[in-house]
Amino acid sequence: MIDLRSDTVTLPTPRMREAMYRAEVGDDVFGEDPTVNRLQEMAAERVGKEAALFVASGTMANLVSVLTHCGRGDEMIVGDRAHMFLYEAGGASALGGVHVRTVPNQPDGTLRPADVEAAIRPDNVHFPRSRLVALENTHNRCGGAALSAEQIHAVAAVAHAHGLRVHLDGARIFNAAIALGVPASTLAAEADSVSFCLSKGLSAPVGSLVCGSHEFIAEARRNRKIVGGGMRQAGVLAAAGIVALEEMIDRLAEDHANARLLAEAIAEIPGLAIDPRTVQTNIVIFEVADPALTPAELSRRLLAEGVKINPIEERKLRAVTHYGIERAHIEEAIRALRRAVVSGP
Ligand SMILES: *Cc1c(COP(=O)(O)O)cnc(C)c1O
């Protein structure tokens with residue numbers, strides 16, 4: 001099977017298994033797990049923040065960040081195609097009582113600074129208090145678009161001018177950093193908090209980090225406890241995360257090259273549509289232009305060919321390249337796609 005459904009299907013590397021086996025551990029709720037502590041220091045340094053907190057998932061990282069920035073009834077401004085809005089089970093509202101306000105995501109994953117500014121509420125007893133703006137980099141539903149430091153800064157400047165905080169959902173921030181050729185810390189510089197995943201393209205089995213100031217992380221630690229995220233001897237997991245940060249970032253460039261190769265081939269297949277120039281990282285969202293073929297049907301035909309690609313919208317599918325997928329797999333997937341678009345049921 002060539003599994004292009006997501007970079008979350010990546011398996012831990014042999015070096016990760018080895019590091020997990022050998023990990024020195026302690027009780028992390030007491031702050032005594034040396035491996036977790038080391039991972040947190042490495043993570044904070046990578047994104048240029050004072051401190052970091054290891055959490056169970058990207059969803060938990062975003063939730064804990066929102067709980068730390070916002071109180072009940074506060075408002076968070078977020079893109080209408082953001083993972084935090086679409087795919088996190090409404091956790092900010094369900095658990096934080098946070099009022100979520102969307103502004104349109106542009107096709108390149110950005111928010112227009114003017115839209116954000118217009119969404120910020122004046123101080124008035126009728127309104128929720130605008131507290132937080134959240135951005136996403138790379139932008140999953142916008143085809144893995146990498147937001148530049150300038151694009152992030154433009155929104156952060158508006159938010160900060162009005163006294164709001166900025167959270168960056170950087171689940172794939174290292175993909176953005178590699179694609180743009182800048183350090184992740186540059187992309188996170190204007191964010192008050194940033195989260196990223198170890199368990200996507202970086203291939204660790206479990207875990208995400210929340211990063212920010214010492215003060216923010218101290219409070220986030222309390223909120224992690226509230227959501228049941230205190231994990232005790234979590235060093236066995238953090239050990240894999242350390243390997244992920246040390247060994248798995250630079251190779252993301254291969255995933256990006258493979259995604260571009262796939263996109264360029266898809267653009268040439270009659271009945272499918274994509275602008276390959278929009279593929280900057282490891283996500284390839286393409287359209288089924290032939291109205292007689294549904295994405296679900298194409299996905300079924302591909303499965304029969306040994307290729308897993310999921311439909312994501314009425315007319316679209318999403319393929320994601322990752323560790324374990326080589327150029328030869330992409331070439332095979334392209335051949336399967338060519339056959340699948342023409343072969344009827
Ligand atoms: C995957 C993802 C998350 C959440 O991560 P989980 O570990 O699946 O909870 C958050 N934001 C973005 C942009 C993602 O792609």
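Just follow the structure's listing: the first ligand is 1, and inside any ligand the first atom is 1.
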Residue and atom name of the nearest protein heavy atom (relative to atom 9 (O) of ligand 1), distance in Å to one decimal: T59 OG1, 2.6 Å

Test item: L272 and E287 side chains (from C-beta on) under 4.5 Å apart, heavy atoms: no

Test item: side-chain donor near acceptor, T68 and N223, under 3.5 Å: yes

Side-chain donor-acceptor pair present, N258, H322, cut-off under 3.5 Å: no

Closest to atom 4 (C) of ligand 1 (judged by heavy-atom distance), picking from M60, R141, H83, M84: H83

Candidate pair E88 and L63, rule side-chain contact (heavy atoms from CB on, under 4.5 Å), full reasoning: CA-CA 8 Å; E88 299 186 6; L63 175 62; 5.8 Å; no

Heavy-atom nearest neighbour in the protein, as seen from atom 11 (N) of ligand 1, with distance rounded to 0.1 Å: D169 OD2, 2.6 Å

Pair E264 + R277: basic N to acidic O under 4.0 Å: no

For Y87, all residues meeting ring-ring contact (aromatic ring centres under 6.0 Å, His included), sequence neighbours excluded: H83

Distance-only N or O hit between ligand 1 and N140, under 3.5 Å: yes

Ligand 1 atoms in contact with S57 (distance to a heavy atom under 4.0 Å): 7 (O), 9 (O)

No-hydrogen, no-angle side-chain donor-acceptor test under 3.5 Å, H256 and N175: yes

Contact (N/O only, under 3.5 Å) between K200 and ligand 1: yes

Under 3.5 Å side-chain donor-acceptor pair for N62 and H167: yes

Sub-3.5 Å N/O-N/O distance, R172 and ligand 1: yes

Under 4.0 Å to a heavy atom of E136 - the qualifying atoms of ligand 1, by number: 13 (C)

Closest protein heavy atom to atom 6 (P) of ligand 1, given as residue, atom name and distance to 0.1 Å: G58 N, 3.5 Å

Within reach of ligand 1, part of N62 (heavy-atom separation under 4.0 Å): side chain

Enumerated ligand 1 atoms positioned under 4.0 Å from heavy atoms of E88: 10 (C), 11 (N)

Ligand 1 contacted by H139 (non-hydrogen, < 4.0 Å): no

